[in-house]
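Each remark here refers to the structure printed beneath this line.
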Amino acid sequence: MMRNIDLGKYLLDSFIKDLEELQITLSEKQMKQFMIYYELLVQWNQVMNLTAITDFEEVLKKHFIDSLSLIKAYDVTKPVMLIDIGTGAGFPGIPLKIAFPNLKVTLLDSLNKRVHFLQGVIEELALEEIEAIHGRAEDFAKKGRLREKYDLCVSRAVANLSTLSEYCLPYVKTGGLFISYKSEKITEERLAAEHAVSILGGRIEDSIEFMIPHSDIYRNLLVIRKCRETPNQYPRKAGLAAKDPLK
């Protein structure tokens with residue numbers, strides 16, 4: 001059962017305006033879930049490194065609204081299976097799950113302490129059809145685990161597109177999408193990754209560029225379509241995708 005919280009102690013006008021810009025309407029329960037999430041994030045951040053951003057307005061803008069901006073690239077109102085690779089403190093997976101409860105969400109992170117935090121958040125917010133898994137992306141993409149299982153894979157992780165694609169595309173069903181949150185135009189990075197994406201069974205389909213509502217924060221959602229199954233040898237063993245990206 002979700003803990004109670006007094007929304008009156010928070011100034012939410014800017015958050016509501018940003019949500020309106022994204023054409024997202026939240027119920028009182030969902031708004032409370034976001035505020036409890038914020039409180040847990042700040043509380044746990046005192047004992048472990050979850051985020052450098054702890055100011056209330058900045059968390060709302062740079063973590064919550066940024067995560068929800070996926071709606072510009074994908075119809076998240078549909079009941080789809082989503083995996084968030086390298087989720088860290090739960091971004092974008094948990095904000096998406098709060099705002100769009102129809103999503104079936106898997107959060108994957110390589111640090112057990114962070115996964116423990118995520119499990120605590122899921123329990124405190126009384127979220128259903130969402131799980132947090134401790135493990136490396138290379139391991140859970142093996143056959144018989146989570147491979148080719150998801151309609152949509154998302155990641156806000158900081159890595160070049162070739163590396164991220166090797167981590168993420170094996171999880172996506174043929175016909176599904178991998179969407180990478182980028183904070184730069186990445187024209188050269190995109191061109192450099194095209195061959196790697198093709199090897200992995202994908203095709204770069206779109207690049208959706210915009211500013212986070214009421215800010216000067218640039219965002220680029222890079223959309224990759226899974227056209228065929230990823231060859232069995234990918235992803236390569238731990239560390240290789242980052243050390244020696246596919247060319």
* Under the salt bridge (Lys or Arg N to Asp or Glu O under 4.0 Å) test, residues paired with R114 that sit two or more places apart -> D109
* Please name the pair of heavy atoms, one in K173 and one in K149, separated by the smallest distance, quoted to 0.1 Å. => CE-O, 3.2 Å
* May I ask you to decide whether D66 forms a salt bridge with R219, counting only side-chain N to carboxylate O separations under 4.0 Å? => yes
* Do the non-hydrogen side-chain atoms of V105 and I94 ever get within less than 4.5 Å of each other? -> no
* **Atom NZ of K237 with >12 non-hydrogen neighbours under 6.0 angstrom** => no
* To do: Applying side chain to side chain donor-acceptor pair (under 3.5 Å) between T230 and each of R228, Q233, K226, report the one that passes.
  => K226
* Euclidean distance, N220 CG relative to R190 CZ, rounded to 0.5 Å -> 8.0 Å
* Are the aromatic rings of F15 and F34 close, with centres under 6.0 Å apart? -> yes
* Pair E194 + R203: basic N to acidic O under 4.0 Å -> no
* Asked: What do you reckon, is NE2 of H214 surrounded by more than 12 foreign heavy atoms closer than 6.0 Å?
  -> yes
* Derivation of the ring-ring contact (aromatic ring centres under 6.0 Å, His included) call for F91 and Y37 -> CA-CA 11 Å; F91 308 118; Y37 186 17; 5.5 Å; yes
* To do: Answer yes or no: is there an ion pair linking E21 with K17, defined by an N-O contact shorter than 4.0 Å?
  => no
* Asked: Mind checking whether Y171 and Y150 have parallel, tilted or perpendicular rings, split at 30° and 60°?
  -> tilted
* With the threshold set at 4.0 Å, does a side-chain nitrogen-carboxylate oxygen contact exist between E189 and K182? -> yes
* Asked: Do NZ/NE/NH1/NH2 and the carboxylate oxygens of E39 and R3 come within less than 4.0 Å?
  -> yes
* To do: Not counting sequence neighbours, which residues clear side-chain contact (heavy atoms from CB on, under 4.5 Å) with A242? List them please.
  => T163, Y167
* Can you check whether F100 reaches I71 side chain to side chain, under 4.5 Å on heavy atoms? -> yes
* Asked: Just wondering, more than 12 heavy atoms not from K142 lying within 6.0 Å of its NZ?
  -> yes
* **Close side-chain approach of I83 to M81, heavy-atom, < 4.5 Å** => no
* **Y74 six-ring centre to K78 NZ/CZ under 6.0 Å and within 45° of normal** => yes
* To do: Kindly give the heavy-atom pair with the smallest separation between A132 and L118, and that separation in Å.
  => CB-CB, 3.8 Å
* Is there a side-chain contact between K72 and L22 (heavy atoms, below 4.5 Å)? -> yes
* Side-chain touch V154/F178, heavy atoms, less than 4.5 angstrom -> no
* **E138 and R236 ion-paired at < 4.0 Å** => no
